[in-house]
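Single-structure report; data block below.
We name chains A, B, ... by the order of the sequence lines, and we start the count at 1 in each one.
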There are 2 protein chains.
Amino acid sequence: MIEAVVFDAYGTLFDVFSVEEACNNAFPGYGKQISEIWRQKQLEYTWLRALMRQYRNFEEVNRDSLKYTLNHLKLQYDDTTVETLLNAYLSLEHYPEVAEALHAFQPRKLAILSNGTTHMLTTVVQNAGLTSYFDQILSVDPLQTYKPEPQVYQLAVSTLGVAKEHILFVSSNGWDVAGSKAFGFTVGWINRQNKTTEELGVQPDHVVRNLLQLAEVISPK
Amino acid sequence: MIEAVVFDAYGTLFDVFSVEEACNNAFPGYGKQISEIWRQKQLEYTWLRALMRQYRNFEEVNRDSLKYTLNHLKLQYDDTTVETLLNAYLSLEHYPEVAEALHAFQPRKLAILSNGTTHMLTTVVQNAGLTSYFDQILSVDPLQTYKPEPQVYQLAVSTLGVAKEHILFVSSNGWDVAGSKAFGFTVGWINRQNKTTEELGVQPDHVVRNLLQLAEVISPK
């Protein structure tokens with residue numbers, strides 16, 4: 001029944017909070033705070049720019065949200081520091097079970113569908129040594145908007161040529177889970193930290209603690 | 001030059017954190033936390049539902065975001081408690097300078113443009129004794145979407161019959177300031193708490209600490 005598995009990248013395959021160390025090196029004692037506010041603002045700016053019809057790509061949004069964060073915390077910074085922290089997004093740590101889980105989901109088609117630019121995504125996947133697992137790495141960038149607009153999820157359907165209910169969409173982000181389920185995918189929520197369920201009117205088909213659990217729940221192809 | 005003044009309601013005229021007392025009565029010790037998480041989730045859910053094309057009106061979004069908040073804080077509640085807290089939104093406190101400032105902006109046309117439903121808005125305005133100041137109270141509800149989508153701001157232009165650059169749009173919410181400026185209004189940011197400037201590519205025309213300061217900056221009609 002599940003013909004293809006499409007993964008969110010940031011927070012699902014890759015730990016966005018693994019930038020904490022780089023943030024802490026640049027601003028000792030502030031690593032955790034920076035990584036948390038940065039992530040929250042980064043998401044807000046994608047939603048707001050999509051609604052405002054003022055798209056800028058994820059590299060720019062990531063820079064803007066980092067600058068907001070450093071301004072907010074009243075930290076002094078220069079361009080070099082900002083670029084160093086942005087580069088940390090190109091070598092985010094992946095969660096420990098990722099490779100084993102991707103292997104278990106095969107021989108289905110596997111893809112990434114993410115807000116990141118193609119450059120950011122191919123680089124972070126390559127740095128993690130995961131390139132060979134994916135048939136497609138899909139960025140929202142050609143659409144000039146962000147998740148959870150339905151047309152973003154439609155991109156996976158069009159590119160993979162698989163009906164949406166036969167696509168398992170996998171995300172650890174509650175709002176992405178809601179958006180993809182409202183669109184019509186079969187959806188797995190990777191709820192690693194036992195987060196509170198979002199009240200957005202839809203529920204995922206599967207709720208698990210990690211990717212490997214999800215691979216076990218989905219019957220073999 | 002400024003022919004009409006259009007106000008955001010929640011956070012700009014009315015203090016959304018004035019529900020803290022009602023929250024604290026229902027859940028002693030949790031008032032501040034509830035009011036803060038509730039507001040953040042309420043905004044997120046408007047942005048997400050607008051992007052997902054899954055509009056529900058602000059009464060429903062407000063209920064959903066409150067439920068998320070209470071679940072998140074692991075607080076026990078029943079329907080009566082939820083309705084009591086939702087009712088607090090109908091009698092939010094207005095900021096102390098509001099009446100004097102509205103008087104100073106006259107004889108221009110004055111309007112409210114808000115995410116709230118018409119019922120919520122007319123009730124909170126009436127409970128604050130401010131009804132007579134406004135020519136129009138405009139809700140996003142007929143458009144079935146939320147700020148900062150450009151069509152929401154266009155509603156004020158169409159209804160008031162005033163060109164957008166001759167409308168002063170007033171908000172204390174940084175994201176609403178960005179959205180309304182990107183749309184093309186003349187914009188005043190009421191930055192009461194010295195908040196960090198949002199990095200969304202546009203800047204307001206005026207930054208002030210309260211509504212009365214803004215009325216003084218705008219030359220008399």
Interface residue of largest heavy-atom contact number with chain B, from Glu44(A), Lys74(A), Arg63(A), under 4.5 Å
Glu44(A)
Over 12 non-hydrogen atoms of neighbours within 6.0 angstrom of CD in Gln76(B)
no
Tell me if the CG atom of Asp79(B) is crowded by more than 12 foreign heavy atoms within 6.0 Å.
no
Chain B contacts: which residues in residues 193-200 of chain A have a non-hydrogen atom closer than 4.5 Å to it?
Thr196(A), Thr197(A), Glu198(A), Glu199(A), Leu200(A)
Within residues 49-61 of chain A, which positions have a heavy-atom distance to chain B below 4.5 Å?
Arg49(A), Ala50(A), Leu51(A), Met52(A), Arg53(A), Gln54(A)
Name each donor-acceptor pair under 3.5 Å that joins a side chain in residues 173-181 of chain B to protein atoms two or more places apart or in another chain, with its distance.
| residue | atom | partner | partner atom | Å |
| --- | --- | --- | --- | --- |
| Asn173(B) | OD1 | Arg39(B) | NH2 | 3.1 |
| Asn173(B) | ND2 | Asp8(B) | OD2 | 2.9 |
| Asn173(B) | ND2 | Tyr10(B) | O | 3.1 |
| Asp176(B) | OD1 | Tyr153(B) | OH | 2.7 |
| Asp176(B) | OD2 | Lys147(B) | NZ | 3.1 |
| Asp176(B) | OD2 | Ser171(B) | OG | 2.9 |
| Ser180(B) | OG | Asp176(B) | O | 2.9 |
| Ser180(B) | OG | Val177(B) | O | 3.1 |
| Lys181(B) | NZ | Phe185(B) | O | 3.1 |
| Lys181(B) | NZ | Asp205(B) | OD1 | 3.3 |
| Lys181(B) | NZ | Asp205(B) | OD2 | 2.8 |

May I have all residue pairs that pass side-chain hydrogen bond (donor to acceptor under 3.5 Å, both in side chains) and include part of residues 21-31 of chain A, sequence neighbours excluded?
none
For the candidates Asn71(B), Leu48(B), Thr145(B), Asp64(B), which exhibits the highest count of non-hydrogen atom pairs separated by less than 4.5 Å from chain A?
Leu48(B)
